[in-house]
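What follows is a set of notes on a single structure, which appears directly below.
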2 protein chains.
Amino acid sequence: MPNLRVALAQTNPRLGDFAGNSVEILASVVDAHAAGADIIAFPEMALSGYPIEDLAVRPEFLAVARKAIEHLAADIAEAGAGSVPVIVGFPHGPAEPGSQKNPNPSAIAHNSAAVLLNGKIAGIYNKHHLPNYGVFDEFRNFIPGTDHLLIRVRGIDVAVLICEDIWRDGGACDELAQIRPGLVVVINGSPFEQDKDDVRLPLVARRAVAAGTAFAYLNLVGGQDDLVFDGDSFVVDHAGDVLARAASCATDLLVTDLDLPLAESRTHLPPSNRGAARVTVVDAGSQSEAKTALPTRATPPVAPDERERIWDALVLGLRDYIEKNGFPSVILGLSGGIDSAVCAALAVDAVGPERVFGVSMPSQWSSDHSKSDAADVAERLGIRMTTEPIAGLVAPVESQLELTGLAAENVQARMRGVILMGLSNMDGHLVLTTGNKTEIAVGYSTIYGDSVGGFAPIRDVPKTLVWDLARWRNSQAQLRGENPPIPENSITKPPSAELRPGQVDQDSLPPYDQLDAMLEAYITRRLGRDEVIALGFDAATVDRVIGLVDRAEWKRRQGAIGPKISGMAFGRDRRLPVTFHRS
Amino acid sequence: MPNLRVALAQTNPRLGDFAGNSVEILASVVDAHAAGADIIAFPEMALSGYPIEDLAVRPEFLAVARKAIEHLAADIAEAGAGSVPVIVGFPHGPAEPGSQKNPNPSAIAHNSAAVLLNGKIAGIYNKHHLPNYGVFDEFRNFIPGTDHLLIRVRGIDVAVLICEDIWRDGGACDELAQIRPGLVVVINGSPFEQDKDDVRLPLVARRAVAAGTAFAYLNLVGGQDDLVFDGDSFVVDHAGDVLARAASCATDLLVTDLDLPLAESRTHLPPSNRGAARVTVVDAGSQSEAKTALPTRATPPVAPDERERIWDALVLGLRDYIEKNGFPSVILGLSGGIDSAVCAALAVDAVGPERVFGVSMPSQWSSDHSKSDAADVAERLGIRMTTEPIAGLVAPVESQLELTGLAAENVQARMRGVILMGLSNMDGHLVLTTGNKTEIAVGYSTIYGDSVGGFAPIRDVPKTLVWDLARWRNSQAQLRGENPPIPENSITKPPSAELRPGQVDQDSLPPYDQLDAMLEAYITRRLGRDEVIALGFDAATVDRVIGLVDRAEWKRRQGAIGPKISGMAFGRDRRLPVTFHRS
C-alpha cells in the first residue's frame, strides 16, 4: 500500500535569477500540492542556477540567496502549501571561512538543501562531498558539510543527499545506510555526457540495494554555458528497480506513490556521544487527507539511440544559451559543408527557423556545389539566407599587405568573420561558430576567422559524430514524413575549407575516422604517445597529431564556449598550459 | 660559527622540458658544489616547470618526470657532487588514486621534493597543503602528503616544506615546530602580485620565530602563461631576521653560511606509536672539508618603488612567453596612445628593439597627433614601424554590408586585427594585444579587433596604473641619461579609440580614476553593489559599471592571456559564468 506521495520537480533555473526561479519553484509546488504530494523536491542549486562558480565567494550573492529562500518559504505558506515539506537546493552562506576541513581559505558557503515548512526554513543539509575534477571546482568554492538531515513525514524518514554524496564510497551515502531512512532524496546538478545514463542508474540502484532503501534521483534540466543538465530523474525502490522516470532534456514534475517502511520500525539514529555526524530530524507531521489516485503516467522511454540523446542535449544547450542571454536570433555562415548544415539544423530545432539567419560567403575558390548546397540547407530548413561574396573585400587586403600562402588563405576566413560580426552588431544576432571538436583539437581553423562567435554548438562533437548526427537527423525527418534538413551532398562530399583551388581537408589531415580515434585516445582517455601508437596507429602520424593538439592550445583558449557532450571537453574539463615543451 | 653552507638555486624552468631543465639544474649543482655548499635546493616543480595543471593526471608525463629525476641523481653523482644532498621539486606519481584524503578521484600524483644523494633518490617529501583558490587547482591535480622528511647533514637536521605548507595555521609547519629541525627549507612556486612582498617575508619571519628555527625561502623565477614567478628568495634566522636575499625577477644562486643547532641537541622525533605523521631521516653524512670563505655578496636591495617591481614582472612575463614559445619577434599596432606605447616599451625591455615591429594603421578619423605620436614611440624605442592605412580596406566592407554606427566603427578595429594577423602569418611574429585591465573589465574594446593577439602584456594593469608605469619608465630613462621611451603627449592627451570624429573614452566611460576605484572594489575586493556605492560613488554609475563588467564576461573568455600582477586577475583567478542574470 503506497504511504508516501513524492513529487520531483525537474526545473530549469536561470543562473542568478532568484526572483524568476522562485516564481517557477512556487508554481511547481502549487501543482505538486494540488496533486496530493506529501513531500516535494527541487534539484541542486535550483534556486540560484548551477554552477555558480566564484559567485559562491561573493557575500552579496549569498545574502540575496538567503533572502530569496526565506521569501520562497513564506510564499509557499501563503499559497496554502506550507504544511508540505519542500526541499530546495541553494547556496548557503556566508559561513565561517577557512576551517581545517576546508582547503579553500576563502570559501564561505555550503552547497545546500533547505527544507521549507510552515513558512520557514525548517532544516538545512550541506553537501558532504565536493567534486573538484572535470568541470567542477567545488573545493574552491564551498565548505563541505558533516551532518545529516531527516524529514519525518507521515511517519517515514526521508533523508537528503546532494549529487557527489552518492558517488563516494565510504562517505555520506554509507553513513545513511547505517541510519536507515525510509527514502533517500538525492538532488543533483549532473551534466549530460555520452553514455552517462549507463552510469547514473546502476550507481543509484546499487546504493538502494546496499542500504535497503528507496532512492529518488532528481536532476536539473537546462543549458548553462558549456554544461547541459539533462534531467532524466528517476525513482528506484529498495531493490533498485525503476519505479518512475522523468523526461530527458525537458522540465517535468514527477509525482510517484511509494510504499515505504515507517521510521519507528527502521531508523537507527547514532548515539550522540559517539562522535558521529549529527543527525537533525525535521518533523513534518502527516497531512493525512485521503488522496485521489494518481493518473496513470507512461514512463518516458529512454531514447534508444545515443545519437538522439546527444542531439537533444545539443539543442537544449544551444536554446538555453540563446534564451537565457536574451538573443533575438542567431546568425551563421553557411558554407555548404556538413558542419554549418548541422549547426543550422540544431539552431532551427532550438528556436525555430524564423530566428535563424544564414549567410553564404563565397570566395573565388568556392565551388558551385558549395553555393548550391548552402542554398539547399537554407531552403530545407526554411531559414533566410543572404549572400555576401568576399572577393571584393579580400583583394584589397591581400594586395595592400602583399600576403601569400596560408596568410592569404586566412584573410578569406577572417573576412567572413568580419561580415558575420558586422551583421551581428547591426541586428543583435548571436553569431554561431561551426567548428567541430576534431578541427578544434588539431587547430584546423583560422583564429578570428571561422572561429568567431559567441557560441559553438558542435565544439565537443568530433567530425565522425557530426556525420552520424546528420544521418540520424535526416532519418528522423524521413520517419516523420518531413524533408531531411541536411543535403545528402553535404554529408557525402569530401570536407574542404575551400581556401584554395581543389583543397580538401584530407590534404593536411589523416582520414577522419583514424584522426578521431587517435584524438579519443590522446584527449579523452589521456593515453600517452606510446600507448596511442600501441593501438595500431602509425608513429609519425601520432607524433604529428599530438604536436598539432598541443600547439593549438592557445587558439582553444580564445574559442567560444559550447555544450559538453563527451567525457572530456575542451575548456574547464581539460586544463593544460599554453607554454609547454614536450621533452 | 657558521656550520652549514646552504645553496638556494633560483631557476627558471621551461614547462615540460625535463631534459633542458635537468641540464640547468645540474649546472647549478656543479656551481654550488664548487662553492662548498653542504646542501643545495631547487624550487617547487623545478624539474617540470609549474603549474603543470592537468598534465599531473597523465601517467605518461609522470613517468617521464620519474625517469628525469633518476637520471638527474645519477648525473649529479657522475659530476662528482653526489655526496651533497640536493632538494628538487618534481611531480611524483603515479600513486594510488582516490583515497579518502583525496577529494579528486582522478589525482594520481603528489607535488613533491626529492632529495638526491649518492646518485639515488634518498627521500621524498610530499606537499601537505594543496592550494585550491585563486589561480591554483591543486586539489584537482594532486594528492596531499602526510609525512615529514629530515635531511641530516653535518649533524644538522634540515626539514623540507612546499609553498602552501607554510601558509596554513595548524598544519605541516606547526608539526615541524614540534619536531624542531635546525633549518626549514621551503621551496615555492609563488607568483608575483602587487604588494605580495609585504606578505611573504613577514609570514616566514613569524614562522621562524614561532619554531625558533631558521627558514630558507626559495622561489621559482620566470613567466609561465599568465603567471610570473619573481624569485626574491631569502634566508631568515631563528629570530626572523633576513640574512640573505636573492635577485627579483632573475635567476640566481644564493649561497649562505648559517650557524645552526645540531640535531642531537634539538630534534624531537615523535614516538612512532602516537599516530603522528611519520618522519623519515635521510643521513647525508658530513662533507667536512675545510671551506674557503664565501665572497662577500651585496644583498640586492628590494626595489623601493612598487612600479619598478611591477614593470620588471611584466617584462619577465612577456619575455618568457616569447622565448619559451619560440617566437622570433613580436608585432603590435601603434596608435599613438598610451597603451600601445607602454606595450612597445615593455617589449623592447623584454627582447630588444630589433625583435619588435610596430604598425601604424591610421583611419580617416585618426588625428595628426596619433600618427606623429606613433612614429615618435617607434623612433624613441628604435623599433621598425610600417604604416598600413585602413580606409581602403574598411570602405568596401561598410558599403557592401551597409553598416552604420557601432557596427561600422568595429570594422575599423577588426580590419586592424586582420592586418596584424596577416603580417604575423607571413613572418611568424607574436601579435601583442594592448588592451588594459580597465577596458577589458568594462568590455571597451572590439572583439576580433583590437583584442586579437596571442599575449596581452597589460591585461591586468588598470588604466591609471598604465599612466603611472609610463611616467615611472620615463623617469628611469631620464635618471640613466636616456631618451624617455614614451612620448609625453601619449601620456597627457585624453584617451580615444578614434573610431569616429572627436571621440574620447570619457564620452562613454566615467573618469578613469573613479572607474578604476570602482573596479578595484567590485572585482578585486569582491564588494557588492551596495558596498561599492557606500564608498561614495554615484549609484547609477555603479550600476552601469557593474552591468558592463558582468556583460563583458563572454569577451574576456575569448581574450588573450597576459601576466597577472594584481590580487584578482581576469581568467582562472576569477571564474564566473557567462550566462548570468542579476536579480
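Quick caveat: nothing in here was measured; it's all calculated off a predicted structure. Labels below follow one simple rule: chain letters A, B, ... track the order of the sequence lines, proteins then strands, and each chain is numbered from 1.
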- request: In sequence, state the C-alpha distance, the side-chain angles, and the governing distance for A:F580 and B:L55, and then conclude on side-chain contact (heavy atoms from CB on, under 4.5 Å).
  value: CA-CA 10 Å; A:F580 169 48; B:L55 292 168; 3.9 Å; yes

Working for side-chain contact (heavy atoms from CB on, under 4.5 Å), residues B:V578 and A:Y321: CA-CA 9 Å; B:V578 173; A:Y321 190 84; 3.5 Å; yes

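Comparing B:L15, B:L576, B:I419, B:T579 by heavy-atom pairs within less than 4.5 Å of chain A, the highest count is held by B:T579. Per-residue counts of heavy-atom pairs under 4.5 Å with chain A were compared for B:E53, B:E138, B:K555; the largest is that of B:E53. Contact count versus chain B (heavy atoms, under 4.5 Å) is highest, among A:R529, A:M421, A:K324, for A:M421. In terms of heavy-atom pairs under 4.5 angstrom with chain B, the leader among A:L406, A:I447, A:L527, A:N21 is A:L527. Your options are A:G223, A:A408, A:A560, and the one with the most heavy-atom pairs under 4.5 Å with chain B is A:A560. Ranked by non-hydrogen atom pairs under 4.5 Å with chain B, the options A:R551, A:Q400, A:R14 are led by A:Q400. Across A:P59, A:G20, A:G134, the residue that shares the most heavy-atom pairs under 4.5 angstrom with chain B is A:G134. No other option in B:L403, B:D530, B:V411, B:T446 has as many heavy-atom pairs under 4.5 Å with chain A as B:L403. Looking only at heavy-atom pairs under 4.5 Å with chain A, the residue among B:I561, B:V397, B:V452, B:L423 that has the most is B:V452. Of the listed residues (A:A395, A:P389, A:P51), the greatest number of heavy-atom pairs within a distance under 4.5 Å of chain B belongs to A:P389.
Put simply, the side chain of A:Y522 reaches to within 4.5 Å of the side chain of B:R58, judged on heavy atoms. Within the 4.5 Å cutoff, side-chain heavy atoms of B:V418 are placed close to those of A:V418. Counting heavy atoms from C-beta outward, B:Y448 and A:Q558 have side chains that stay 4.5 Å or more apart. Here the side chains of B:I52 and A:P577 are not in contact, with every heavy-atom distance at 4.5 Å or above. Side-chain contact between A:M415 and B:M415 is present, with heavy atoms from C-beta onward closer than 4.5 Å. Counting heavy atoms from C-beta outward, B:D54 and A:R526 have side chains that approach closer than 4.5 Å. With a 4.5 Å cut-off on side-chain heavy atoms, A:F139 and B:L130 do not count as touching. B:R582 places none of its side-chain heavy atoms less than 4.5 Å from the side chain of A:V64.
Nearest heavy atom pair, residue B:G422 against residue A:A407, reads O-CB, 3.8 Å. What you find for A:W554 and B:G453 is that their closest heavy atoms are CZ3-O, 4.3 Å. Scanning all heavy atoms of the two residues, the minimum distance from B:P396 to A:G392 falls at CB-O, 4.1 Å.
Proximity to chain B (any heavy atom under 4.5 Å) is restricted, for A:E402, to the backbone atoms N, CA, C and O. For a residue to count as touching a neighbouring chain, one of its non-hydrogen atoms must lie under 4.5 Å from one of that chain's; by this rule B:T404 touches chain A with backbone and side chain alike. For B:A68, no part lies under 4.5 angstrom from a heavy atom of chain A. For a residue to count as touching a neighbouring chain, one of its non-hydrogen atoms must lie under 4.5 Å from one of that chain's; by this rule B:D573 touches chain A with the backbone only. Interface remark: B:F455 contributes no atoms to any contact with chain A (heavy atom separation under 4.5 Å).
For A:N425, the side chain to side chain donor-acceptor pair (under 3.5 Å) test picks out B:N410, B:R414, with sequence neighbours left out.
Between A:D137 and B:R575, at least one side-chain N (NZ, or NE/NH1/NH2) sits under 4.0 Å from a carboxylate O, which counts as a salt bridge.
The distance from atom CG of B:L393 to atom CG of A:L401, rounded to the nearest 0.5 Å, is 7.0 Å.
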